[in-house]
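Below is one structure, written out as structure tokens; the observations come after it.
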Amino acid sequence: MTPKIARRGVSFKGAAAYYLHDKGADTNRRVAFCVTRNLPTGEPELAWRWMAYTDRHAGILKHDAGAARTGPKERKPVYTLSLSWHADDKPTPDLMVAMMDSALKKIGLGRCQSLYVAHNDTDHPHIHALVNLVDPDNGKIIDPGQDRYKLSRWAQGYEARAGTIRCQRRVENNARRDQGEWVVDRHSKTRQDIEQAKLIEGRILAERRRQLGERQLRDRATLKRHAATKAHAIRAQLKERFCPQWAAFYQRQRQDARELAKAECSILSRMRVAIGERGRLQPEGTDWIAGLVKQILRSRALAEAMRAAQERELDQLRQRLAEERAAAIAEVWVGYRRDYGTLREAQAEARTAPPPLAAPDEAAHRADLRARFAARAKVRERQKPEAAPTPTPGKRSTPGVRPGPRHGGGYDALKAATPKPAPPPPAREAPGGKPVQKLRLPQPGDDEARRREELKAEFRRQAEEIARRRRERKQKDRDRDRER
């Protein structure tokens, strides 16, 4: 069992609105049951109004009881206590109410007006008590002195009677107090501290998600940029490899033009050209004898046949270049899609994985990606067929895949395209011979630690500003009352 005391307040309405409703809503689904103590009503909405009425007429109660109208100037009559059980414990409602009665009696608040509210919105059963510190008999404020230490020993006794010690640190602290040592619990946090920690953690996680998204976008952009670079390199290699063939083709064109110019002069020249180039000028499936006679007798027919032969050679050269380029680019496209899928899977796992304690390490991230790509490459090698099918001219080499500026190459190519950080400068020595003290290099997580400290300082400044405004408002209220 864990007893928790919240800060005192001045508004019964605000406390009841929080405990009797869901967080941030007007519904009350999390309320399991409600019980009142020392009140003439069992309705929760009337109970807090009755407590507020008692607090408002505390002066009249003091007058009727004959007590002196003295007391603390800053009245905070709203006292809240919660009792939480372990998730494995299954206390009954009667047990929860009985334990709350025992706890309030232990700290001297047994005769105060109280409203018990049990919640079921968490895994561990818990019950809250909204207590009015104004004594309903004499109107004085009851001070539950040393309530945290009393409840600590009371909770330890409850666990000892139950036979299961849930909090060993509490036993150790109470043992040290028995020996006369002053021990303060520094581990337990108030609700305000927990909410502040959640807010800071939410902002830090939002910053991590933003950095993770930017880094993943950079990785994908690097992969795509390297794909375009590799596709451009493939085109340049094919162009360089086909350059001698293009040169031979244009040299052949110039030679054909010279021979054609000579053939226009005499029929013997046309005969020599037509017979010598018969295999190139005469397409298959035609009457070569009639075509040969026609070329010998007419220079225009020879020129048209030579132009048609050049067009056929040009089409064949272009087709071979297009087929080889399409096959290479299609292979790059398939490899890029495969590596892109691996990268997206790794990025999806990184987004769903729990956040690390420190900032993500870029070297570790790249090493993880490298290992993933290496594993996928081994699987592909085992699944690789013995012989790849020959691409059909004019058709795509891979069904359903459009050739484009994509690339493969795995993570090694991605690493090669990523700029490497500059090496650290060598250590220097001072004039006296002593080594110069090295500066501390920034470590992963320094930015997050600095951001956490900035957020904590900002929250402290806001709290101080709110406290200052409250003090000024109270001073203005006292001045106004004095003028009246």
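All values reported here derive from a predicted model rather than from experimental measurement.
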Inset, instruction - Provide the full list of salt bridge (Lys or Arg N to Asp or Glu O under 4.0 Å) pairs with a residue in residues 150-160, sequence neighbours left out, each pair given once. - result: Arg153-Asp178, Glu159-Arg170

Inset, instruction - Give every residue pair that meets the salt bridge (Lys or Arg N to Asp or Glu O under 4.0 Å) criterion with at least one member in residues 27-38, sequence neighbours excluded. - result: Arg30-Asp121, Arg37-Asp101

Do the side chain of [X] and the main chain of [Y] share a donor and acceptor less than 3.5 angstrom apart?
X	Y	value
Thr222	Arg218	yes
His57	Gly139	no
Ser84	His126	no

Partners of [X] by side chain to side chain donor-acceptor pair (under 3.5 Å), sequence neighbours excluded?
X	value
Asp22	Thr27
Arg203	none
Arg461	none

According to side-chain contact (heavy atoms from CB on, under 4.5 Å), who are the partners of [X], at least two apart in sequence or on a separate chain?
X	result
Ala175	none
Thr54	Trp50, Leu61, Gln113, Asn132, Val134
Lys13	Ser11, Trp48
Glu240	none

Restricting to salt bridge (Lys or Arg N to Asp or Glu O under 4.0 Å), what partner residues turn up for [X], sequence neighbours left out?
X	answer
Arg220	none
Arg177	none
Asp137	none

So, [X] and [Y], do they make that salt bridge, N to O below 4.0 Å?
X	Y	value
Arg450	Glu453	no
Arg468	Glu464	no
Glu172	Arg169	no

Assess whether atom [atom1] of [X] is packed by more than 12 heavy atoms of other residues, nucleotides or ligands within 6.0 Å.
X	atom1	result
His63	NE2	no
Asp88	CG	yes
Glu43	CD	no
Phe33	CZ	yes
Arg210	CZ	yes

Can you find a heavy atom in the side chain of [X] that is under 4.5 Å from one in the side chain of [Y]?
X	Y	answer
Met96	Met99	no
Tyr79	Ile107	yes
Asp135	Arg111	yes

Legend entry - Asp219 side, atom CG; Arg344 side, atom CZ - distance, nearest 0.5 Å: 11.5 Å

